[in-house]
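Just so we're on the same page: letters track the sequence lines, and every chain starts at 1.
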Protein chains: 2
Amino acid sequence: MATVTRKQREILDRQQQVLKVARQIFRQRGYLGLNMDRVAHEMNVAKGTIYQHYKNKEEIILALAVETLDKRTAMFEQACLFRGKPRERMAAIGCAAELFVIRFPDHFELEKVLSCSSIIEKTSENMQLAKTAAELKCINLVAGIVRDAVASGDLELPSEVSPDQVVFGLWSSTYGGYSIMGCDDTLRQMGIDNGFKMVRDINNRLLDGFGWRPLSTEFDYDETYERAQREIFAG
Amino acid sequence: MATVTRKQREILDRQQQVLKVARQIFRQRGYLGLNMDRVAHEMNVAKGTIYQHYKNKEEIILALAVETLDKRTAMFEQACLFRGKPRERMAAIGCAAELFVIRFPDHFELEKVLSCSSIIEKTSENMQLAKTAAELKCINLVAGIVRDAVASGDLELPSEVSPDQVVFGLWSSTYGGYSIMGCDDTLRQMGIDNGFKMVRDINNRLLDGFGWRPLSTEFDYDETYERAQREIFAG
DNA sequence: TGATTTTTTGACGGATCGTCAAAAAATGGA
DNA sequence: TCCATTTTTTGACGATCCGTCAAAAAATCA
C-alpha cells in the first residue's frame with residue numbers, strides 16, 4: 001500500500017514537474033516555442049516519458065490553464081468573503097480578476113491559444129471538462145453575488161433578465177477588455193493608458209445600466225477596490 | 001508598360017488566389033491544418049511560388065484577417081448611413097457586427113489565432129500595421145457616432161470620460177461576448193441560448209450606464225435592429 | 001534567334017511530431 | 001540475496017512540415 005502510494009506520488013510529482021517546466025518555457029517562448037523535446041530535455045528525461053503523462057503539448061497547455069484557473073477560483077473565493085454590500089463584493093471580485101492577470105500573466109496567453117479550435121481539438125475530452133468545471137466554479141461564485149443583490153433588493157431585474165445575464169455581461173467585457181489590452185496596440189492608438197482602470201469603469205457602467213445600487217455615480221468603488229486590495233490580497 | 005501592368009495584375013491575381021485557397025483550407029482544417037504544401041498543392045503550383053507571395057502561413061492568416069476586416073469596415077460604413085438618432089445608428093452598428101460574424105464565420109477564428117503572441121510574432125511589421133489600420137477605421141466610425149451623440153446632447157459624458165472609453169467598452173463586451181459564444185460551451189452550461197441577443201442586451205445596458213438617451217428602458221432598440229437589418233442589409 | 005533576366009520548381013537539410021521495440025528499473029517470491 | 005516477471009524509461013525512427021536555394025523553365029529583350 002505504502003509503496004503504491006509512494007509510486008503514485010512520484011508520478012503525480014512528475015506531472016507537476018512537467019507543468020512547472022512547461023509553464024516556464026511557454027512564458028518565455030510561447031506556443032510555438034514549447035515542444036516536447038524541449039520539455040524532456042529541461043527535465044533530464046526522455047521524450048517518451050513526457051508522453052506518458054500528456055498526450056501532446058496542447059494537453060499540457062490545457063492542463064496549465066486548469067492549474068491557473070484553480071488559482072483564480074481561490075482568489076475569487078477570497079473576494080467573496082469581502083465585507084460589504086453585494087456590489088462591493090462584486091468590486092472585490094473585479095479586484096481579484098485584476099490581481100489574477102497580474103500574478104499569472106501567462107494565463108491569458110494560454111486562454112488565447114486554447115481558444116483556437118484546431119488546437120483545443122487535439123486535447124482530451126476529460127481535460128476539457130476539467131477546464132469547463134474550473135470556469136464554472138468561478139462563474140457560480142460571481143452569480144452568487146448577483147443573486148444576493150437581487151435577494152437584498154439592491155438589484156431589481158426585470159423578469160426577462162436572469163442573473164446569469166449579468167454575469168455574462170461582466171465576463172464578456174472583462175475578458176474582451178483584457179484581451180484587447182494584452183495583444184493589441186490598437187489600444188495605444190486609441191490613447192488609452194490604464195487598461196485595468198478602463199475595464200473597471202466599463203464594468204461599473206454596465207452594472208449601473210442594470211440599476212444595481214448603489215450606482216457608481218453615488219458611491220466610490222475605487223475606494224472599495226483599494227480596500228479590497230489591502231484587506232484581502234495584502235502581500 | 002501594358003505588359004508590366006498585365007504581369008503585375010497576374011501577380012496580384014495569384015495573391016488573391018492564394019488567399020482564396022488558404023481561407024478554404026483554414027475554414028475546413030483550422031490553423032494546424034493549414035500548411036504551405038497544402039496550399040501549393042491545391043493551387044497546382046510549387047511551394048516556392050507561395051513563398052514568393054507570403055513569407056509563411058501566419059502571414060497568410062494575417063492577410064486573411066485584413067481582408068475580412070475590410071469587409072467589416074464596409075458594413076460599418078453602411079450602418080453609419082442609418083437614419084435615426086446616434087444611439088439608433090449605434091444599434092445599426094451592432095446589427096452590422098452581428099451580420100459580419102455570421103457572414104464571415106472564419107474571421108473570429110482568424111482573430112483568435114492571431115491573438116497568440118508567438119504566432120503574430122512570425123508576421124511582418126507591415127501586415128500588422130495594415131491590420132491595425134483596418135481596425136482603426138472601424139473604431140473611428142464607431143467613435144464618430146459617440147461624438148455625434150455628445151454633440152447632440154443625447155450623451156453627457158463627465159469630463160474624465162472620453163468618447164473612446166465608450167467605444168472601448170462596446171468593443172470589449174462585443175469582442176468578449178462573441179469570443180465566449182464561439183469557443184466555449186461554458187455558455188451552454190450557463191443556460192444561454194441566443195448569444196447574439198445577449199450581447200445586444202449587454203451593450204444596451206452598458207450604454208444606459210453611460211446615460212446615452214434614449215435609454216433602452218424607454219426605447220425599443222430590438223425594433224431598431226430589425227429595421228437596420230431590413231433597410232441596410234437586405235438580401 | 002539567341003542572350004539575358006525573371007520566375008518557377010521541387011529536392012533538401014532541419015525541426016518537431018508521436019510511436020514503439022529494446023533496455024533499464026522496480027517488484028516480488030523463493 | 002537472487003532471479004523471474006512486470007513496469008517504466010529510453011531514444012532511434014518514420015512521418016510531416018518548415019523555409020531555402022540551385023537548377024530548370026519561361027519571359028523579355030536586342
Side-chain angles (χ1 to χ4, degrees), chain A residues 1-18 21-22 24-26 28-63 113 116 118-125 127, chain B residues 1-18 21-22 24-26 28-63 113 116 118-125 127:
Chain A
M1 313 293 125
T3 319
V4 174
T5 308
R6 194 177 62 88
K7 192 69 209 165
Q8 282 181 338
R9 172 135 299 282
E10 271 173 20
I11 289 178
L12 261 298
D13 280 353
R14 186 141 52 175
Q15 208 126 323
Q16 288 303 108
Q17 180 66 10
V18 171
V21 167
Q24 171 91 354
I25 297 174
F26 183 84
Q28 291 172 345
R29 303 170 179 265
Y31 173 68
L32 296 177
L34 176 66
N35 59 272
M36 299 306 241
D37 290 282
R38 186 129 42 200
V39 173
H41 180 260
E42 299 249 327
M43 284 184 66
N44 298 312
V45 123
K47 186 166 42 161
T49 304
I50 308 293
Y51 278 97
Q52 215 105 50
H53 297 283
Y54 300 98
K55 65 181 220 172
N56 53 36
K57 72 166 166 172
E58 287 74 19
E59 187 88 356
I60 292 182
I61 289 173
L62 184 51
V113 170
C116 302
S118 82
I119 291 177
I120 194 78
E121 271 166 15
K122 296 191 70 182
T123 63
S124 73
E125 185 87 5
M127 196 67 86
Chain B
M1 312 302 117
T3 319
V4 174
T5 307
R6 194 177 62 86
K7 192 68 209 166
Q8 283 180 337
R9 172 136 297 283
E10 273 174 17
I11 289 177
L12 261 298
D13 281 352
R14 185 139 53 172
Q15 208 124 326
Q16 287 305 108
Q17 180 65 8
V18 171
V21 168
Q24 171 91 352
I25 298 173
F26 183 83
Q28 290 174 345
R29 301 170 178 266
Y31 172 68
L32 296 178
L34 175 66
N35 60 270
M36 298 306 241
D37 289 282
R38 191 141 20 210
V39 173
H41 180 259
E42 299 249 326
M43 286 183 65
N44 298 313
V45 123
K47 186 164 46 160
T49 304
I50 308 295
Y51 278 97
Q52 216 104 49
H53 296 282
Y54 300 97
K55 65 181 221 173
N56 51 38
K57 73 166 166 171
E58 286 75 19
E59 187 88 357
I60 293 182
I61 289 174
L62 184 50
V113 170
C116 302
S118 83
I119 291 177
I120 193 79
E121 271 167 15
K122 296 192 72 184
T123 63
S124 72
E125 187 87 6
M127 196 67 87

To the nearest Å, how far apart are [X] [atom1] and [N] [atom2]?
X	N	atom1	atom2	result
B:Asn56	D:dT20	CG	C1'	14 Å
B:Tyr54	D:dG19	OH	P	15 Å
B:Asp37	C:dC12	CG	P	15 Å
A:Met36	C:dA15	CE	P	19 Å
B:Ile50	D:dG19	CD1	C1'	13 Å
A:Ile60	C:dC17	CD1	C1'	13 Å
B:Glu10	D:dA26	CD	P	14 Å
A:Glu58	C:dT16	CD	P	14 Å

Residue whose nearest DNA chain D nucleotide is more 5′ - B:Lys57 or B:Gly48
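Its nucleotide being nearer the 5' end, the pick is B:Lys57.
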Considering just the side-chain nitrogens and oxygens of A:Lys122, establish if one lies under 4.0 Å of OP1 or OP2 belonging to C:dG18.
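Yes, because at least one side-chain N or O of A:Lys122 sits under 4.0 Å from OP1 or OP2 of C:dG18.
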Inter-residue atom distance B:Ser118.OG - A:Gln28.CD, 0.5 Å rounding
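Rounded to the nearest 0.5 Å, the OG-CD separation comes out at 13.5 Å.
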Once you round to the nearest 0.5 Å, how far does CD of B:Gln16 lie from NE2 of B:His53?
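One finds 11.0 Å between CD of B:Gln16 and NE2 of B:His53.
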Starting the side chain at C-beta, find the nucleotide from C:dA11, D:dC17, C:dT9 nearest to B:Lys47.
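For B:Lys47, the side-chain atoms sit closest to C:dA11.
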Output the single nucleotide from D:dC18, C:dC17, D:dT10 whose closest atom is nearest the side chain of B:Tyr51.
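So the side chain of B:Tyr51 is nearest to D:dC18.
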